[in-house]
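For ligands, and for the atoms within them, numbers begin at 1 and follow the listed sequence. Below, all heavy atoms of this structure are taken into account, side chains as well, without hydrogens, waters or symmetry copies.
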Amino acid sequence: MNRNIKEVPTVQALNAAALARWLGLPGVGVETREEVDSTNLRLKEGARQGLIRAPYLLAAGRQTAGRGRLGRRFVSPEGGLYLSLLASPPEGGGPEAVTLLSAVAVCRAIEEMTPLKTRIKWVNDIFVGNKKVSGILAERIEAGVIVGIGVNLQTPPGGFPPEAGIAGALDVPADANALAGRIAALIFKGLEAPNDPAILSEYRQRMFLTGQWVSYQEAGREYRGLVLGVSPDGGLIVSRDGEERVLRSGEVTVGSHLVSRLE
Ligand code: BTN
């Protein structure tokens, strides 16, 4: 056996019946596609045209125009899992609650389905080791909230393109239907109690910037601060020149390449 050749686990094809079984929530519309432009965009369009309504789940095997935060592209080749769900607006929970509970849901689902250990990089990038394996894009629309999640299941042949930054993949056997179903189930259930203090506490435990020095920009200037933790409304608490500040937007950099933004 040539030990230099990495064995790549195959990704199981998405299938609406299997996905619905794993989801286990009978009232949710479920759809799978081999390829779409962007699952978030499909739900947005579908809701706008009155073709779909919450609760709804769409999962795809690749995206031709995957969207990341801040207008960035989200590289979405085959070998990944791309899903979006449409839910009614959470009662009593602001946008930050959706962000926090979605990040926790993705971590929990990956850890249930694989032997991997996950961590969160503020605001909602999911890491395994020092690689980003999943990103989340939550968007408000008139009909409710869309939460879009990309999970890199397998490293593509030839690796991720440079624009994918520090992307990595799970690279362990993982059933795409099972993972998508569990992630969506945890988010739908979480949205029923968006202010559950257990979520904030788990988010804080998993968020690995606490205690690290970060750089960020504010009003066009670059600053450095020591991360003290996460505020109840999802901001990043930093100490700068002895003063506490809560970052809600802006760029946070650790070392030379870990970059995150809160929209
Ligand atoms: C980020 O890391 O910047 C967020 C990435 C979110 C990507 C997911 S993939 C499924 C859904 N459809 C999209 O076009 N984007 C989200």
Residue portion contacting ligand 1 (non-hydrogen atoms closer than 4.0 Å) for Leu41
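For Leu41, no heavy atom sits under 4.0 Å from ligand 1.
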Ligand 1 versus Arg72: contacting region, heavy-atom distance under 4.0 Å
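Arg72 to ligand 1: no contact under 4.0 Å from either part.
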Is there a donor-acceptor pair under 3.5 Å between the side chain of [X] and the backbone N or O of [Y]?
{"X": "Asn124", "Y": "Thr99", "answer": "no"}
{"X": "Trp122", "Y": "Gly234", "answer": "yes"}
{"X": "Arg245", "Y": "Ile237", "answer": "no"}
{"X": "Thr114", "Y": "Ile110", "answer": "yes"}

Test: Lys189 and Asp196 ion pair at under 4.0 Å:
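A salt bridge is absent here (no side-chain N lies under 4.0 Å from a carboxylate O).
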Carboxylate-amine/guanidinium proximity below 4.0 Å for Arg108 and Glu202:
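Yes.
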Passing option when Glu111 is tested against Val106, Leu116, Val128, Thr118 for side-chain contact (heavy atoms from CB on, under 4.5 Å):
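The single option meeting the side-chain contact (heavy atoms from CB on, under 4.5 Å) with Glu111 is Thr118.
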If you count the atoms of ligand 1 from 1 in the order shown, which ones are under 4.0 Å from a heavy atom of [X]?
{"X": "Leu83", "value": "10 (C)"}
{"X": "Gly66", "value": "14 (O)"}
{"X": "Leu137", "value": "6 (C)"}
{"X": "Arg69", "value": "1 (C), 2 (O), 3 (O), 4 (C)"}
{"X": "Gly68", "value": "1 (C), 3 (O), 4 (C), 5 (C)"}

Enclosure of Arg53 CZ (heavy-atom neighbours >12, cutoff 6.0 Å):
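At most 12 heavy atoms, drawn from other residues, nucleotides or ligands, come within 6.0 Å of this atom.
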For [atom], find the nearest protein heavy atom and state the residue, atom name and distance (0.1 Å precision).
{"atom": "atom 5 (C) of ligand 1", "value": "Phe74 CD1, 3.4 Å"}
{"atom": "atom 15 (N) of ligand 1", "value": "Arg67 O, 2.7 Å"}
{"atom": "atom 10 (C) of ligand 1", "value": "Thr39 OG1, 3.1 Å"}
{"atom": "atom 2 (O) of ligand 1", "value": "Lys132 NZ, 2.6 Å"}

Test item, Gln63 contacting ligand 1 (heavy atom, 4.0 angstrom)
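The answer is yes: ligand 1 sits under 4.0 Å from a heavy atom of Gln63.
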